[in-house]
Amino acid sequence: MDVLSTVLLALFVVGYLVLAGADIGLGLLMPVVARTPEQRRRAVAAIAPYFLASEVWLVAAVGVLAGLFPALDHHVVAELWPVLVTLLGGWLVRDSGLWLRARVDAPSRRAVCDTAVVAGSWVVAASWGLVLAGLLTGGLTASVFTPLCAVAVLALFALRGASFGAERLVGALHDDSADVAARATRVVARVALAAALLATGAAPLPGGVATDRPVVAAASALVLLVLLAVTSGVRGPMLSRHTSALAMGAAGVLTALSAQLPTEPVPATTAVFVWAALAPAVPFMVLGQVWMYRLARRPAPAPTFFA
Amino acid sequence: MFDDPLLLARLQFALTAATHYVFVALTLGLAPYILVGQLVATVRGDRRRMASVRFWGGLYLVNYGMGVLSGLVMELQLAVNWTGLHAVFGYSFAAPLALETMTAFFVESTFLGLWIFGWDRMGRWAHLACFAVVTGTAYLSAWWVLVANGFLRHPVGFEIVDGVAHLTDPVALMANPAALMAFLHIITGALLLGALVVGATSAHHLIRGNDPDGMFGRGLVYATVMACVMPLPVAAFGGTQFALFGQDPPTSGLTYTAGEIEAIEAASGGPLLTAANTAGEVLMFTAWALMFLLGPAMLVVLLLRRPLGRLPRLRNLLLAPLLITPVLPYLASVAGWVFRETNRQPWAVVHHLTTADAVTPMAPGMAAASFSFFTGAFAVLAATTSWLLVRYARRGPGGGPLAERPADAEEPAAPVTSF
């Protein structure tokens with residue numbers, strides 16, 4: 001039961017990083033890939049119904065953390081309170097921009113919403129960099145590792161966004177957003193690779209990664225580096241959809257497996273209660289996610305509610 | 001005030017929860033009306049009826065956005081600012097909240113995205129099924145949240161093991177009278193609130209002689225029926241909760257002895273809390289007293305609407321008061337929450353954990369910064385959303401966010417390449 005519950009928590013966090021990484025990453029890259037009003041509308045249209053199905057993974061992760069792992073929740077919050085509040089603020093700003101963008105008509109107000117989406121995405125992605133660094137080092141430390149890890153995670157988000165854009169911004173023939181995004185995958189993957197290499201080098205330094213499973217940590221870091229190397233090489237843009245997802249997942253798994261986090265056995269009654277009530281909802285959860293993922297692959301031809 | 005993190009954390013949570021509920025109540029109130037409208041339109045294959053679903057659905061979505069923004073902040077705030085509560089009651093209080101996030105919100109948000117994206121892109125029955133799932137999970141979500149909230153008020157079904165509450169009886173947790181009665185009170189109240197918003201919008205358009213396909217006439221009938229039927233159950237389910245006030249929860253004594261409880265309760269209070277509690281109670285009761293009169297009055301207006309067709313000015317004079325009726329259930333909802341939640345003080349979990357022990361220890365400066373940011377952001381967002389709701393309600397079905405765009409304005413579909 002304990003293993004299952006831990007897997008559930010890790011699944012929600014890694015699922016969030018992989019799926020929401022795509023729409024947050026596209027938000028990061030909007031100033032580059034979407035330069036005209038129509039391109040910006042299409043970029044938001046790629047993000048907009050999709051983000052409703054991706055951010056729920058984090059909400060579920062927070063729920064599981066509070067309900068099944070209160071000791072871990074206490075530890076994480078005590079160590080990372082300022083970063084978590086910043087993350088929440090960035091999230092609020094980003095989502096407000098997405099919800100309100102199509103509701104305002106004046107170009108200046110629309111520019112405010114676009115700025116909120118981009119700035120919010122940067123704050124969210126950078127906060128995640130600090131969260132992962134803080135989890136790995138056991139609290140935020142003023143070390144060389146922390147900024148390097150944060151840059152690597154930011155670049156991973158951008159890589160997810162670039163590959164997402166290369167797939168979902170494909171439209172009319174004159175539209176070059178998808179091409180710009182596809183070309184960006186290689187550049188961003190190289191930045192991520194460099195940052196991840198440096199972070200791996202800085203990990204054993206004082207204030208670096210504190211882990212009692214160095215072999216597992218090194219192995220998952222190696223997987224991450226190989227995936228980034230593949231993406232930055234010749235086959236970059238074609239494979240980036242899969243390799244960026246695997247790289248982001250590897251970063252999440254690396255953190256989950258190597259961070260020293262306090263865990264207590266989940267009391268049996270609570271575990272049985274939660275799993276029994278969760279079981280009937282699982283088919284709906286899976287169906288909704290798969291359906292949304294497939295439906296959003298075809299861009300909406302006409303403007304919808306969001307853009 | 002800005003140097004007391006506890007007060008800031010409490011005010012911040014109260015403001016977030018109040019903002020959240022104001023918008024969620026309309027979500028709960030409108031969803032069944034839209035679902036039935038879409039069901040009728042789907043069964044009849046009636047495109048004009050669908051125009052009314054698009055209109056109310058557009059308002060629903062504008063409102064839902066604010067509900068979800070404040071809901072996200074509320075959930076994370078609960079996890080981040082109130083770790084003392086989770087440290088002791090994680091396995092009992094937070095377990096239903098965990099289930100809410102997974103079984104209700106996860107599914108609701110995804111299927112709402114499908115519903116938004118699915119207009120004209122999926123079969124009409126599949127599209128209807130998406131909204132049925134959205135409606136069902138919205139109510140499921142309310143139920144899980146009230147199971148957690150009811151636990152704070154009337155903690156049941158656990159034992160204390162090494163200072164941590166371990167759940168022993170999930171059935172008692174779910175069948176908690178403080179949760180069940182509150183749920184029924186909330187959903188009947190939300191249905192009335194939604195109906196009065198439909199009624200006010202309909203009256204606005206009927207006064208202007210704008211009633212495409214009779215959608216606003218139907219809205220007025222629906223609002224009148226609900227205004228006649230609903231106040232009684234709302235008051236009854238609210239009233240039965242008074243029996244729990246002053247009653248010791250069955251788990252009383254597990255954490256503190258009766259003497260300690262008395263000492264803690266005697267040391268608490270203060271003029272601000274008492275004033276908020278009294279104001280909440282008075283406002284709630286006044287609003288409900290007025291709402292009991294609303295149903296019969298609306299029935300008279302409804303019956304006189306056709307006979308007065310030749311006297312439009314008199315008819316409009318009768319319809320005009322309907323425009324402000326939604327103020328009453330909104331006022332009653334917020335006042336009711338203030339009354340219920342201030343009544344629990346000084347306890348976060350009655351007879352087990354004080355609010356002061358539940359809060360996360362945080363630096364005053366950071367607490368003040370977080371409070372200022374979220375309060376400012378919510379003020380702007382709530383004002384914007386309210387303004388948008390009024391604007392779209394007044395524009396009518398032609399200009400809503402989901403309105404069908406005229407076919408001739410559409411550009412020819414561009415070829416789409418994909419790989």
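Remember, it's a predicted structure, so these values are computed and weren't measured experimentally. Below, read A as the first sequence line, B as the second, and so on, with proteins coming before strands; counting in each chain starts at 1.
Here B/Gly90 is the residue among B/Ala377, B/Gly90, B/Gly400 with the most heavy-atom pairs under 4.5 Å with chain A. Of the listed residues B/Val80, B/Val62, B/Ile116, the one with more heavy-atom pairs under 4.5 angstrom with chain A than any other is B/Val80.
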Apply the test side-chain contact (heavy atoms from CB on, under 4.5 Å) to residues A/His74 and B/Thr360: give CA-CA distance (whole Å), side-chain angles for both, the deciding distance (0.1 Å), then the verdict. CA-CA 9 Å; A/His74 197 79; B/Thr360 308; over 6 Å; no
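Proximity to chain A involves both the backbone and the side chain of B/Phe105, based on heavy atoms less than 4.5 angstrom apart. For B/Leu61, the parts sitting under 4.5 Å from any heavy atom of chain A are the backbone and the side chain alike. Using a 4.5 Å cut-off between heavy atoms, B/Phe374 contacts chain A through its side chain alone, with no backbone atom that close. Contact of B/Ala126 with chain A is made through backbone and side chain together, with heavy-atom distances under 4.5 Å. There is no contact between B/Phe158 and chain A, counting heavy-atom distances below 4.5 Å. B/Trp387 touches chain A through its side chain: at least one heavy atom from C-beta onward sits under 4.5 Å away, while N, CA, C and O do not. Both the backbone and the side chain of B/Leu72 come within less than 4.5 Å of a heavy atom of chain A. For B/Leu69, the parts lying near chain A are the backbone and the side chain together; criterion is any non-hydrogen pair under 4.5 Å. If you measure heavy-atom distances from A/Leu92 to chain B, the contacts under 4.5 Å come from both the backbone and the side chain.
Residues satisfying the salt bridge (charged side-chain N to carboxylate O under 4.0 Å, His left out) test with A/Asp73, not counting sequence neighbours, are none. The salt bridge (charged side-chain N to carboxylate O under 4.0 Å, His left out) search around B/Asp357 returns none, not counting sequence neighbours.
Below 30°, between 30° and 60°, or above 60°: for A/Trp99 and B/Tyr64 the angle between ring planes is between 30° and 60°, a tilted geometry.
Between the B/Arg121 side chain and the A/Leu295 main chain, a donor and an acceptor come within less than 3.5 Å of each other.
Closest approach of A/Ala296 to B/Phe117, counting heavy atoms only: CA-CE2, 3.7 Å.
For residues 262-272 of chain A, no pair satisfies side chain to side chain donor-acceptor pair (under 3.5 Å), with sequence neighbours left out.
Between B/Phe106 and A/Trp57, the ring centre distance stays below 6.0 Å.
Contacts between residues 129-138 of chain B and chain A, counted as heavy-atom pairs separated by less than 4.5 Å, involve B/Cys130, B/Val133.
Annotation: side chain of A/Thr304 is not in contact with side chain of B/Leu402 (no heavy-atom distance under 4.5 Å).
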